[in-house]
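Given the structure is predicted, the values throughout are model-derived calculations rather than measurements.
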Amino acid sequence: MAQRLVAAVDQGTTSTRCMVFDVAGRVLGADQREHTQIFPRPGWVEHDAAQIWARTQEVVAGALRAAGVAPGDLAAVGITNQRETTVVWDRASGRPVHNALVWQDTRTEALCADLAADHGRDRFRSATGLPLASYFSGPKIRWLLDNVPGVRERAERGELLFGTLDTWLIWNLTGGALHVTDVTNASRTLLMDLRTLDWDDAILDAMAIPRSLLPEIRPSAQVYGTARGVLDGVPIAAALGDQQAALFGQTCFAEGDAKSTYGTGAFLLLNTGHDPVPSEHGLLTTVGFQLAGEAPVYALEGAIANTGSLTQWLRDRFGLIASAGEIEALARSVPDNGGLYLVPAFSGLFAPHWSPDARGLLIGLTGYAGSGHLARAALEATAYQTREVVDAMALDSGLALGSLRVDGGMTANGLLMQTLADVLDVEVVRPEVAETTAVGAAFAAGLAAGVWADLDELRACGTRETRWRPEPGGGFRDRKFRKYRKAVELAKGWLDADDAIEGR
Ligand SMILES: Nc1ncnc2c1ncn2[C@@H]1O[C@H](COP(=O)(O)OP(=O)(O)O)[C@@H](O)[C@H]1O
Ligand SMILES: O=P(O)(O)OC[C@H](O)CO
């Protein structure tokens, strides 16, 4: 078989999958396996990086088997991954010095508060596009240096390496030959200057992180090297953080293009072109992608903590529905939300508020309210939260959204998709292949390896999609959005200092 197939490895927070694509963007075979979520203390989340590497090899073998192909049939492999999650390992033995600290892990919150003490949370924002927060990798590296016995000394001697999951997988796939990351993953560390695309020495000094730990930063689509083992001889030709890969897989190549991924939480990314746009409205500035030899494309990102998790909450805590898909019928059993508004600040509010002291709020209750209204309020909360982020993006970038491309588990919900189109007053577009993250990694790798000639060829792949257009009634919906905003203000500041002390 001619080498026209491309594999993608999608290393996510809960599972790792591998998919094999043909030149038309069709899936020929796939495999997926979960890994263990380790919760040593409240707020701490870890992964076993060695287990993830083992799972990766299993799913690659499984996907090749399912597709009926051998490594020699692949023109390239692209890597995409959960972002920010931090691994430090021994250069000689390849053994991690500690479990990986996962992006959700909040153990570095006090460290971030200390680093922010004199200069504020935006101390490194102009260089990195990010606020000081436990979400990002830099503080996680610092925690490992400070808390795992011997690690700082070994790091100072140059014996240890740091990587996000892209770096860890590429290092293992090449038998330890390559210690590289891509610009999108590096842009989530709080250590990279967005303009120079290099590690920022002043920040490394301030965080006391030795440069020798850090990988070389490369474009997202470029032949980095050749794999051994399970992908023997296959060029590794792309790496992208998973949300950026979804942006690429959704063909959001032009300034003003935007995608939103709806899973447990939601991540909206807006392509802002070749200049990083600083945010004054609670968004993150990040690298969208960089093709070999080309200038980087930047993005504004809005991260929302709770969207699909609300569906799970109604299912698992209240038994209102037996499966996630049933929420749509329950919501359709009533004509509107009956005056109910739900602010899902279960772990505070992320973009655009970043209010850790907010807690969830259900308001507008009357004797009339029933389970159907609650289901509506839960789905509408996702649409309103999206509108908050989209409005912030317009204020920061001056770009008005032409349409919103969507993906993720929640997009199976037609009522939600229509509500989203109505609340945003833009067309909502869902592609046929829902695995846009893997598609993006395959597209980027295939582009670097010459399977596809240019971005236009990628746009032509998999053009079948479903669209929802806004229905009339904008004024009424604006009033409802204002109500939701009012509820958000009521939810903020709910936690008092002594609540935190009691650990509530
Ligand atoms: N039809 C639906 N309506 C609303 N929410 C849904 C629906 N189907 C799945 N979900 C929610 O979407 C999430 C799963 O989506 P997925 O993209 O697999 O998420 P993740 O990658 O975060 O695990 C779950 O939180 C689930 O409750
Ligand atoms: O692995 P996911 O899909 O939960 O995505 C995680 C994000 O990259 C975190 O920033």
ask   = Between the side chains of Thr437 and Asp10, does any donor sit under 3.5 Å from an acceptor?
value = no

key: Pairwise distance CD(Glu216) to CG(Asp198) - rounded to 0.5 angstrom   = 9.5 Å

message = For Asp166, is there any backbone N or O sitting under 3.5 Å from a side-chain donor or acceptor partner on Thr164?
response = no

task = Starting from the C-alpha separation in whole Å, work towards a yes-or-no answer on salt bridge (charged side-chain N to carboxylate O under 4.0 Å, His left out) for Glu159 and Arg91.
result = CA-CA 6 Å; Glu159 294 170 14; Arg91 189 193 280 276; over 6 Å; no

request  = Could you label the plane-to-plane angle of the His35 and His47 rings as parallel, tilted or perpendicular, counting under 30° as parallel and over 60° as perpendicular?
outcome  = perpendicular

query = Given the rule in the side-chain hydrogen bond (donor to acceptor under 3.5 Å, both in side chains) test, do Ser137 and Glu84 qualify, once you have shown the distances and angles that lead to the verdict?
reply = CA-CA 5 Å; Ser137 317; Glu84 298 97 10; over 6 Å; no

key: Distance flag, aromatic centroids of Trp44 and Phe39, threshold under 6.0 Å   = no

ask   = Could you state the interatomic distance from CE (Met417) to CG (Leu404), rounded to the nearest 0.5 Å?
value = 9.0 Å

query = Okay, side chain of Trp452, backbone of Val23: is any donor-acceptor separation there less than 3.5 Å?
reply = yes

query = Given side chains that start at C-beta, do those of Glu280 and Asp396 come closer than 4.5 Å, heavy atoms only?
reply = yes

task = Taking the side chain as every heavy atom from C-beta outward, state whether Val60 and Val9 have any atom pair closer than 4.5 Å.
result = yes

task = List the steps and the verdict of side-chain hydrogen bond (donor to acceptor under 3.5 Å, both in side chains) for Tyr384 and Thr386.
result = CA-CA 5 Å; Tyr384 297 138; Thr386 306; over 6 Å; no

ask   = Distance-only, no hydrogens or angles: does the Thr174 side chain make a donor-acceptor pair with backbone N or O of Trp171 under 3.5 Å?
value = yes

ask   = Does the side chain of Leu145 reach to within under 4.5 Å of the side chain of Phe162, using non-hydrogen atoms?
value = no

query = Are Val180 and Thr167 close enough that some pair of their side-chain heavy atoms sits under 4.5 Å apart?
reply = no

inquiry  = Could you measure the distance from the CG atom of Leu247 to the CD atom of Glu301? Nearest 0.5 Å is fine.
reply    = 10.0 Å

ask   = Under the 3.5 angstrom rule, does the side chain of Asp454 hit a backbone N or O of Glu457 as a donor-acceptor pair?
value = yes

note = Shortest non-hydrogen pair, Thr285 vs Ser279, comes out as OG1-N, 3.8 Å

Heavy-atom side-chain proximity of Leu455 to Thr251 below 4.5 angstrom = no

task = Write down the atom of Gly402, the atom of Val426, and the distance for their closest heavy-atom approach.
result = O-CB, 4.1 Å

message = Tell me whether Arg95 at atom CZ has more than 12 heavy atoms from other residues, nucleotides or ligands lying less than 6.0 Å away.
response = no

query = Okay, side chain of Trp199, backbone of Pro215: is any donor-acceptor separation there less than 3.5 Å?
reply = yes

ask   = Is a side-chain donor or acceptor of His98 paired with a backbone partner of Val148 at a separation under 3.5 angstrom?
value = no

ask   = Is there a donor in the side chain of Gln11 and an acceptor in the side chain of Thr80, or the other way round, less than 3.5 Å apart?
value = no

message = Listing request: all ring-ring contact (aromatic ring centres under 6.0 Å, His included) pairs with a residue in residues 279-299, at least two apart in sequence or in separate chains.
response = Phe248-Phe289

ask   = What is the ring orientation for Phe267 with Trp103, classed by angle as parallel under 30°, tilted 30 to 60°, or perpendicular over 60°?
value = perpendicular

ask   = For the residue pair Ala155 and Leu160, what are the closest heavy atoms and their distance?
value = N-CD1, 3.9 Å

query = Taking the side chain from Gln57 and the backbone from Trp53, do they hold a donor-acceptor pair closer than 3.5 Å?
reply = yes

message = Between Arg387 and Val423 (side chain of the first, backbone of the second, donor and acceptor by atom type, cut-off under 3.5 Å), is there such a pair?
response = yes

key: Residue that, paired with Leu268, satisfies side-chain contact (heavy atoms from CB on, under 4.5 Å) out of Lys259, Met393, Gln385   = Met393

ask   = Rounded to the nearest 0.5 Å, how far does NZ of Lys140 lie from OG1 of Thr189?
value = 12.0 Å

query = Are any of the side-chain heavy atoms of Ile304 and Thr307 separated by less than 4.5 Å?
reply = yes

message = With a 4.5 Å cut-off on side-chain heavy atoms, are Ile236 and Leu173 touching?
response = yes

message = I'd like to know if the side chain of Asn185 pairs up with that of Asn81 as donor and acceptor (distance under 3.5 Å, no hydrogens or angles considered).
response = yes

Which pairs would a plain distance check flag for residues 221-233, meaning a side-chain donor or acceptor within less than 3.5 Å of a matching protein atom at least two apart in sequence or in another chain?
residue	atom	partner	partner atom	Å
Tyr224	OH	Pro219	O	2.7
Tyr224	OH	Ser220	O	3.1
Tyr224	OH	Ala239	N	3.3

request  = Nearest 0.5 Å please: distance from the CZ atom of Arg33 over to the SG atom of Cys18.
outcome  = 14.0 Å

inquiry  = Once rounded to the nearest 0.5 Å, what's the spacing between atom CH2 of Trp168 and atom CD1 of Ile52?
reply    = 9.5 Å

task = For Gln82 and Asp242, test the side chains for any donor-to-acceptor distance below 3.5 angstrom and give the result as yes or no.
result = no

query = Does any donor atom in the side chain of Ser187 or Thr286 lie under 3.5 Å from an acceptor atom in the other side chain?
reply = yes

query = For the residue pair Ala30 and Val27, what are the closest heavy atoms and their distance?
reply = CB-CG1, 4.5 Å

message = So, using salt bridge (Lys or Arg N to Asp or Glu O under 4.0 Å) as the criterion, who are the partners of Arg107 when residues are at least two apart?
response = Glu46, Asp105

ask   = Is the shortest distance from a Lys or Arg side-chain nitrogen in Glu432 or Arg26 to a carboxylate oxygen in the other one below 4.0 Å?
value = no

ask   = Is the closest side-chain donor-acceptor distance between Thr184 and Asp182 under 3.5 Å?
value = yes

key: Heavy-atom side-chain contact between Met192 and Asp200 under 4.5 Å   = no

key: Ion pair check, Glu427 and Arg467, cut-off under 4.0 Å   = yes

ask   = Which heavy atom of Val451 sits nearest a heavy atom of Ala75, and at what distance?
value = CG2-CB, 3.4 Å

inquiry  = Under a 3.5 Å threshold, yes or no: a donor from one side chain and an acceptor from the other, between His274 and Glu255?
reply    = no

task = Please report the closest heavy-atom contact between Ala258 and Leu401, naming both atoms and the distance.
result = CB-CD1, 3.5 Å

message = For Glu34, is there an ion pair with Arg17 - N to carboxylate O distance below 4.0 angstrom?
response = no

query = Is the backbone of Gln51 close enough, under 3.5 Å, to the side chain of Asp48 for a donor and an acceptor to pair up by distance?
reply = yes

task = Measure from the ring center of Trp89 to the ring center of His179 and say whether it is less than 6.0 Å.
result = yes

ask   = Backbone N or O of Met207 within a donor-acceptor pair of the Arg142 side chain at under 3.5 Å?
value = yes

inquiry  = Less than 4.0 angstrom from a charged side-chain N to a carboxylate O is my criterion; do Asp201 and Arg211 meet it?
reply    = yes

key: Trace of the salt bridge (charged side-chain N to carboxylate O under 4.0 Å, His left out) decision for Asp146 with Arg152   = CA-CA 7 Å; Asp146 288 353; Arg152 176 163 295 280; 3.4 Å; yes

NZ/NE/NH1/NH2 to OD/OE distance under 4.0 Å, Arg121 and Glu109 = yes

